[in-house]
Amino acid sequence: MKTILGVLIMVIGLSHGIMQYKLSSGATLNVKQRSDTQAVAVQVWVDVGSSAENMNQKGMAHFLEHMLFNGSEGYSQGEIDQIVESMGGSINAGTSKDFTYYHITIAKPYWKEALELIYYLTQRPLLDKDSVEKEKPIVIEEIKRKDDDPRNKLWEELEKQVYKISPYRDPILGFENTVRAFTQEGLREFFTNFYAPQVINIVIVGDVNPEEVYELAEKTFGKEEKRQVKKQKVKPEPEQLENRSKTVRDSRLSNAYWVIAWRVPGIKEREYPALMVLDQILGTGRTSILFREIREKGFASSIGCGDFSRPIDNIFYIFASTSPEGVDSLKEEVFKLINSPESFITDEVVEIAKQRLINSKAFEHERVQSEAFTIGYYLTVGKSLNPYLYFENSIMAVSKEDILEILRKYIIAKPYSEVILTPR
């Protein structure tokens, strides 16, 4: 569907009512009008995470996120934050291995100010040399602080076990030596490359007029010049042919922590909805099978499962804590459980899990910032809004056999990676 002006690409999903526009700069604007709330979510999604970094840039995507709050054209350091907070709003940002996003949640009367502020924040940063040097010790301290919690080591070691060549194996924060070597020129080059407007998704959810949003977005994000984007291709991880296990000892611990993971389909794959339902059945809530059969029977003090929601090389994990001497029996019970799925995966259990999953997503999307996140995530990481648009249909289509097939194909008797973190 196109307007006379040719700026409206389409209305996505009649029931969802997302208006999608292509701005003159190549940036994509997505507006979801909602009259049931007085809050407006204003988000900017950038198609870059730590997995796009080369060896000398490790930690640069996260460092650049910090730098954007150190002053923009017309705004000194911290001034944008102060303005948003003075209007009763909140502002923050986040960096993952697949994306970086900036978000403001504000009351309806101030959405225009929020859109202008987030434009200057994300497209017109100063990136001056003094701020670069001042930010280095702050980020290095963040790296060291992360290591203060030994449980962070569990997840870092897990990804090193799972990924042998993929950049997913490296931490988002990078390393002290790479951060110390960052320069103003290197950060400017990274920004110019990865923050080009044509790879940006702007997402607005709330009680706003889409045409008014488009007009303001065109005056801000739309006036940026298109730039060539050179993106490093993420190398796919080779097939894992054998089990991998590592034990890490730490004298600061009193309990043991155990995590085990298998390679599974990514968020763009046809089988992914079945994986989401499996997660509900196995580890979500006090009625889940892992809680009832492992936690309540005393094999673990806590237990859960999930996946990393990645586009490629995704992993499904089971995580638990127990006594140092209880790891072997915990592992034995978990394997006994997942190796006999017919004992707990029934048609009735599947239907209940599907309905819970649909309901929880509906509750989550009552908050404008959560719905905007979902839209931005699927557009940026999944390159498609279909998982959002057809979420309920895809979940309802999952059958008991689909879930059993996920277990047989990817988990039961398949190579796994595990890390045990235990007291010294």
Side-chain angles (χ1 to χ4, degrees), residues 151 154-155 158 255-267 269 271-310 314-323 326-365 370 374 387 391-392 394-414 416-421:
R151 289 171 295 186
L154 184 78
W155 298 101
L158 176 67
N255 281 337
Y257 298 88
W258 174 72
V259 63
I260 186 167
W262 296 265
R263 297 271 297 279
V264 292
I267 61 170
E269 302 298 322
E271 300 158 298
Y272 189 71
L275 186 69
M276 296 176 75
V277 180
L278 173 63
D279 175 37
Q280 278 285 322
I281 294 170
L282 272 181
T284 303
R286 300 175 69 87
T287 60
S288 67
I289 190 68
L290 287 174
F291 190 92
R292 295 200 320 265
E293 297 298 322
I294 305 297
R295 165 72 172 79
E296 287 193 340
K297 292 184 178 180
F299 294 105
S301 54
S302 65
I303 192 163
C305 64
D307 77 283
F308 283 177
S309 302
R310 287 178 174 156
N314 195 20
I315 63 175
F316 181 80
Y317 62 85
I318 296 175
F319 163 82
S321 62
T322 187
S323 63
V327 174
D328 290 340
S329 57
L330 165 64
K331 181 177 177 179
E332 182 181 347
E333 291 299 317
V334 168
F335 271 89
K336 191 187 301 182
L337 193 65
I338 63 174
N339 287 338
S340 55
E342 290 83 358
S343 65
F344 63 89
I345 296 182
T346 65
D347 290 327
E348 181 183 8
V349 165
V350 171
E351 292 307 310
I352 292 172
K354 291 193 300 187
Q355 199 57 58
R356 277 210 323 257
L357 190 55
I358 290 168
N359 292 344
S360 66
K361 186 62 70 174
F363 290 139
E364 181 184 322
H365 284 175
S370 296
T374 300
F391 178 79
E392 184 171 343
S394 62
I395 295 300
M396 290 306 297
V398 172
S399 68
K400 169 185 170 182
E401 188 53 43
D402 293 331
I403 298 170
L404 292 173
E405 180 63 17
I406 286 281
L407 285 163
R408 296 189 200 108
K409 190 174 178 180
Y410 299 102
I411 296 176
I412 297 174
K414 295 298 185 289
Y416 61 80
S417 299
E418 74 169 340
V419 177
I420 304 164
L421 184 61

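The structure presented is a predicted model; accordingly, all values stated were derived computationally and were not measured.
- Residues Leu421 and Arg151 approach most closely at CD2-CA, 3.8 Å, considering heavy atoms.
- The OG atom of Ser394 sits 11.0 Å away from the OH atom of Tyr272 when rounded to the nearest 0.5 Å.
- Contact of the Arg292 side chain with the Ile289 side chain is registered, since non-hydrogen atoms from C-beta on lie closer than 4.5 Å.
- In this structure, the separation between CD on Glu342 and CG on Leu407 is 9.0 Å, given to the nearest 0.5 Å.
- Taking the six-membered ring wherever Trp is involved, the centroid distance between the rings of Phe308 and Tyr317 falls below 6.0 Å.
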Between Leu404 and Ile345, is the side chain to side chain contact (heavy atoms under 4.5 Å, CB included) condition met? List the steps.
CA-CA 8 Å; Leu404 292 173; Ile345 296 182; 4.2 Å; yes
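- At least one donor-acceptor pair closer than 3.5 Å links the side chain of Arg295 to the backbone N or O of Ser301.
- Exactly one of Thr284, Leu282, Leu278 qualifies for a side chain to side chain contact (heavy atoms under 4.5 Å, CB included) with Gln280. That residue is Thr284.
- Side-chain contact check for Ile315 versus Asp307: every heavy-atom pair is 4.5 Å or farther apart.
- For the residue pair Gly326 and Thr322, the shortest heavy atom distance occurs at C-CG2, 3.9 Å.
- Centroid-to-centroid, the aromatic rings of Tyr410 and Tyr416 stay 6.0 Å apart or farther.
- Among all heavy-atom pairs drawn from Val277 and Ala353, the shortest one is CG1-CB, 4.0 Å.
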Show your working on side chain to side chain contact (heavy atoms under 4.5 Å, CB included) between Phe335 and Ile260 and close with a plain yes or no.
CA-CA 11 Å; Phe335 271 89; Ile260 186 167; 3.5 Å; yes
Quick one: do Glu333 and Lys297 satisfy salt bridge (Lys or Arg N to Asp or Glu O under 4.0 Å)? Show the steps, please.
CA-CA 10 Å; Glu333 291 299 317; Lys297 292 184 178 180; over 6 Å; no
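- Remark: the backbone N or O of Ser309 is paired with a side-chain donor or acceptor of Asn314 at under 3.5 angstrom.
- Taking the six-membered ring for Trp, Trp155 and Phe319 have ring centres closer than 6.0 Å.
- Taking both residues in full, the closest heavy atoms of Pro265 and Glu271 are given as CG-OE1, 3.4 Å, listed atom of the first, atom of the second, then distance.
- Proximity of Cys305 to Leu290: side-chain heavy atoms (C-beta onward) are separated by under 4.5 Å at one or more points.
- When the shell of 6.0 Å around CD of Glu392 is examined, it contains 12 or fewer heavy atoms from other residues, nucleotides or ligands.
- Taking CD1 from Ile411 and CZ from Arg263, the interatomic distance works out to 13.5 Å, rounded to the nearest 0.5 Å.
- Under the ring-ring contact (aromatic ring centres under 6.0 Å, His included) criterion, Tyr257 pairs with no residue, sequence neighbours left out.
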Worked verdict on Met396 versus Glu351 for side chain to side chain contact (heavy atoms under 4.5 Å, CB included)
CA-CA 8 Å; Met396 290 306 297; Glu351 292 307 310; 4.2 Å; yes
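- Nearest heavy-atom pair across Asp402 and Ala397 is OD2-O, 3.7 Å.
- Ser321 OG to Trp258 CH2: the interatomic distance, rounded to the nearest 0.5 Å, is 12.0 Å.
- Using a 4.5 Å cut-off on side-chain heavy atoms (C-beta onward), Phe391 and Met276 make contact.
- Rounded to the nearest 0.5 Å, atoms NZ (Lys361) and CD1 (Ile395) are 9.0 Å apart.
- Between the side chain of Lys354 and the backbone N or O of Val398, at least one donor-acceptor pair lies under 3.5 Å.
- Here Arg356 contributes atom CZ and Thr287 contributes atom OG1; the two are 4.0 Å apart, rounded to the nearest 0.5 Å.
- When all heavy atoms are compared, the tightest approach of Phe316 to Leu275 is CD1-CD1, 3.9 Å.
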